[in-house]
Amino acid sequence: MAQRRMFSKTIVSSDLFLDMPKSTQALYFHLNMNADDDGFIGSSKMIMRMIGASDDDMRLLLAKKFVFEFDSGVVVVKDWRIHNQIRKDRHKQTIYTDEFQQLQAVENNSYERLPSGCQEVALGKVRLGKVSLGKSRLDKDNEEQKNIVVDDESQTIANPFSFYETNGFGMLTPFYQEKIGLWIDDFKLIGSTEDEAKFILIKAMEVSLMNNVRKWVYVESILKNWEQKKLSTVEMIDADELSNKASNQSNKQYKKNSVRTETLPEWAKDEYEAPPVKNELPKISDEEFLREMNAYDE
């Protein structure tokens with residue numbers, strides 16, 4: 001097995017990577033250093049204990065898809081083949097062959113999980129085909145809202161059009177149908193699938209409702225923020241929120257610990273005693289008093 005490990009700056013210098021807490025970044029580096037020649041790690045729990053990483057660090061890596069985890073507990077680095085190009089004469093095949101068969105290499109040489117099952121629904125063999133949401137299909141939107149497809153696990157496919165209208169954002173006019181459709185297309189451009197893009201729109205409307213705002217302008221401001229960060233799944237959005245929360249807590253703790261305190265010197269601790277104030281008038285005899293009064297009358 002090769003003993004050297006490399007890291008691609010394209011991955012570890014990206015905003016998506018650097019926005020994570022340093023403890024999460026450290027875990028990623030250690031997982032890479034302990035992976036086999038195909039990027040698989042069978043002792044991720046031990047590595048986490050060794051470096052003091054938390055479960056949240058691993059959840060963040062999984063949510064942002066820097067690593068994949070299998071049912072067996074084995075972890076693989078998604079961009080392993082981008083980081084490392086090992087010569088064939090030094091390469092040692094991974095022992096995790098079952099997990100390896102669940103992956104495929106895409107064009108940029110990173111790993112992707114193969115679909116766990118076919119996309120046909122068992123009941124009626126209804127195919128869940130992709131629905132184009134461009135300008136040319138506005139006439140089909142109303143029909144799509146009425147037909148919510150259910151898969152074999154009785155889970156409904158996201159319908160942002162219906163969610164918009166039934167949660168008080170207003171009447172679903174052709175203008176807003178077009179807006180929703182274009183946002184779905186925009187998220188597909190940054191890597192979302194059709195269904196993932198729909199879930200993201202529903203997530204944005206849910207955030208708006210949680211803030212007691214039912215305006216599409218507000219929903220679009222949320223979507224723009226996620227699009228700029230290239231958050232292409234709800235899991236990545238949740239991970240980003242978790243990362244922001246951890247960062248805010250860290251900043252609060254820093255401010256709390258950085259409050260300036262000074263120790264008074266010993267001489268300042270002694271109580272200060274002010275000198276007594278003399279309010280008594282000087283005492284004079286009766287003769288002197290009469291003499292002064294007579295002098296005053298003259």
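Keep in mind that the numbers below use all heavy atoms, side chains included, and drop hydrogens, waters and symmetry copies.
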Original post:
Where do Val12 and His83 land on the side chain to side chain contact (heavy atoms under 4.5 Å, CB included) test, with the steps shown first?
Top reply: CA-CA 10 Å; Val12 298; His83 292 312; 4.3 Å; yes
Kindly give the heavy-atom pair with the smallest separation between [X] and [Y], and that separation in Å.
X: Tyr96; Y: Gly42; value: OH-CA, 3.3 Å
X: Lys64; Y: Ala239; value: CG-CB, 4.0 Å
X: Ser232; Y: Ile190; value: CB-O, 3.8 Å
X: Leu18; Y: Ser13; value: CD1-O, 3.6 Å
X: Ser208; Y: Phe169; value: OG-CE2, 3.9 Å
X: Ser243; Y: Asp19; value: OG-O, 2.9 Å

Subject >> Note: Lys188-Glu196 ion pair, threshold 4.0 Å (strictly below) >> reply: no
Original post:
Salt-bridged, Asp238 to Lys203, with N to O below 4.0 Å?
Top reply: yes
Original post:
Between the side chain of Asn32 and the main-chain N/O of Tyr28, is any donor-acceptor distance below 3.5 Å?
Top reply: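 It does hold such a pair.
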**OP:** Determine, stepwise, if the pair Asp240 / Lys229 fulfils side chain to side chain contact (heavy atoms under 4.5 Å, CB included).
**Re:** CA-CA 9 Å; Asp240 182 70; Lys229 293 182 176 180; 3.0 Å; yes
Subject >> Any donor-acceptor N or O pair under 3.5 Å, side chains Ser110, Asn108 >> reply: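 Note: Ser110 and Asn108 side chains meet the donor-acceptor criterion.
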Original post:
Are Ser54 and Asp57 close enough that a side-chain donor and a side-chain acceptor fall under 3.5 Å?
Top reply: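 Yes.
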How far does [atom1] of [X] sit from [atom2] of [Y], to the nearest 0.5 angstrom?
X: Asp186; Y: Lys224; atom1: CG; atom2: NZ; answer: 10.5 Å
X: Phe7; Y: Met33; atom1: CZ; atom2: CE; answer: 6.0 Å
X: Glu235; Y: Leu60; atom1: CD; atom2: CG; answer: 12.5 Å
X: Ile180; Y: Glu220; atom1: CD1; atom2: CD; answer: 9.5 Å
X: Met50; Y: Met46; atom1: CE; atom2: CE; answer: 6.0 Å
X: Phe68; Y: Leu61; atom1: CZ; atom2: CG; answer: 12.0 Å

Using a 4.5 Å cut-off on heavy atoms from C-beta on, say whether the side chain of [Y] contacts that of [X].
X: Leu103; Y: Arg113; result: yes
X: Asp79; Y: Ser8; result: no
X: Met205; Y: Asn167; result: no
X: Asp56; Y: Pro21; result: no
X: Glu99; Y: Thr94; result: no
X: Phe70; Y: Phe100; result: no
X: Lys230; Y: Leu16; result: no
X: Asp98; Y: Ser72; result: no

Subject >> Derivation of the side chain to side chain donor-acceptor pair (under 3.5 Å) call for Asn211 and Tyr218 >> reply: CA-CA 10 Å; Asn211 291 313; Tyr218 187 79; 3.0 Å; yes
Subject >> Option passing side-chain hydrogen bond (donor to acceptor under 3.5 Å, both in side chains) with His91 (candidates Asp37, Asp38, Asp36) >> reply: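 The passing option is Asp38.
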Using the rule that two of Ile, Leu, Val, Met, Phe, Trp, Tyr join whenever any of their side-chain heavy atoms come within less than 4.5 Å, decide whether [X] and [Y] are in one cluster.
X: Phe175; Y: Trp216; value: yes
X: Phe17; Y: Ile41; value: yes
X: Leu242; Y: Met48; value: no

Original post:
Is the centre of the Tyr164 ring less than 6.0 Å from the centre of the Tyr176 ring?
Top reply: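 Between Tyr164 and Tyr176, the centre distance is under 6.0 Å.
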Original post:
Under the side chain to side chain contact (heavy atoms under 4.5 Å, CB included) criterion, do Thr10 and Ile82 qualify, and how do the steps go?
Top reply: CA-CA 9 Å; Thr10 304; Ile82 298 177; 5.5 Å; no
Subject >> Audit row: Arg214, Leu209, side chain to side chain contact (heavy atoms under 4.5 Å, CB included) steps and yes/no >> reply: CA-CA 6 Å; Arg214 288 176 170 82; Leu209 291 172; 3.5 Å; yes
**OP:** Applying side chain to side chain contact (heavy atoms under 4.5 Å, CB included) between Leu201 and each of Trp183, Phe163, Phe161, report the one that passes.
**Re:**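 Going through the options one by one, the only one that passes is Trp183.
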Original post:
So with a 6.0 Å cut-off around CD of Gln85, is the heavy-atom count from everything else above 12?
Top reply: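 Not more than 12 within 6.0 Å, no.
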Subject >> Within 6.0 angstrom of Met6 CE, more than 12 heavy atoms from elsewhere >> reply: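 Open: at most 12 neighbouring heavy atoms sit under 6.0 Å from CE of Met6.
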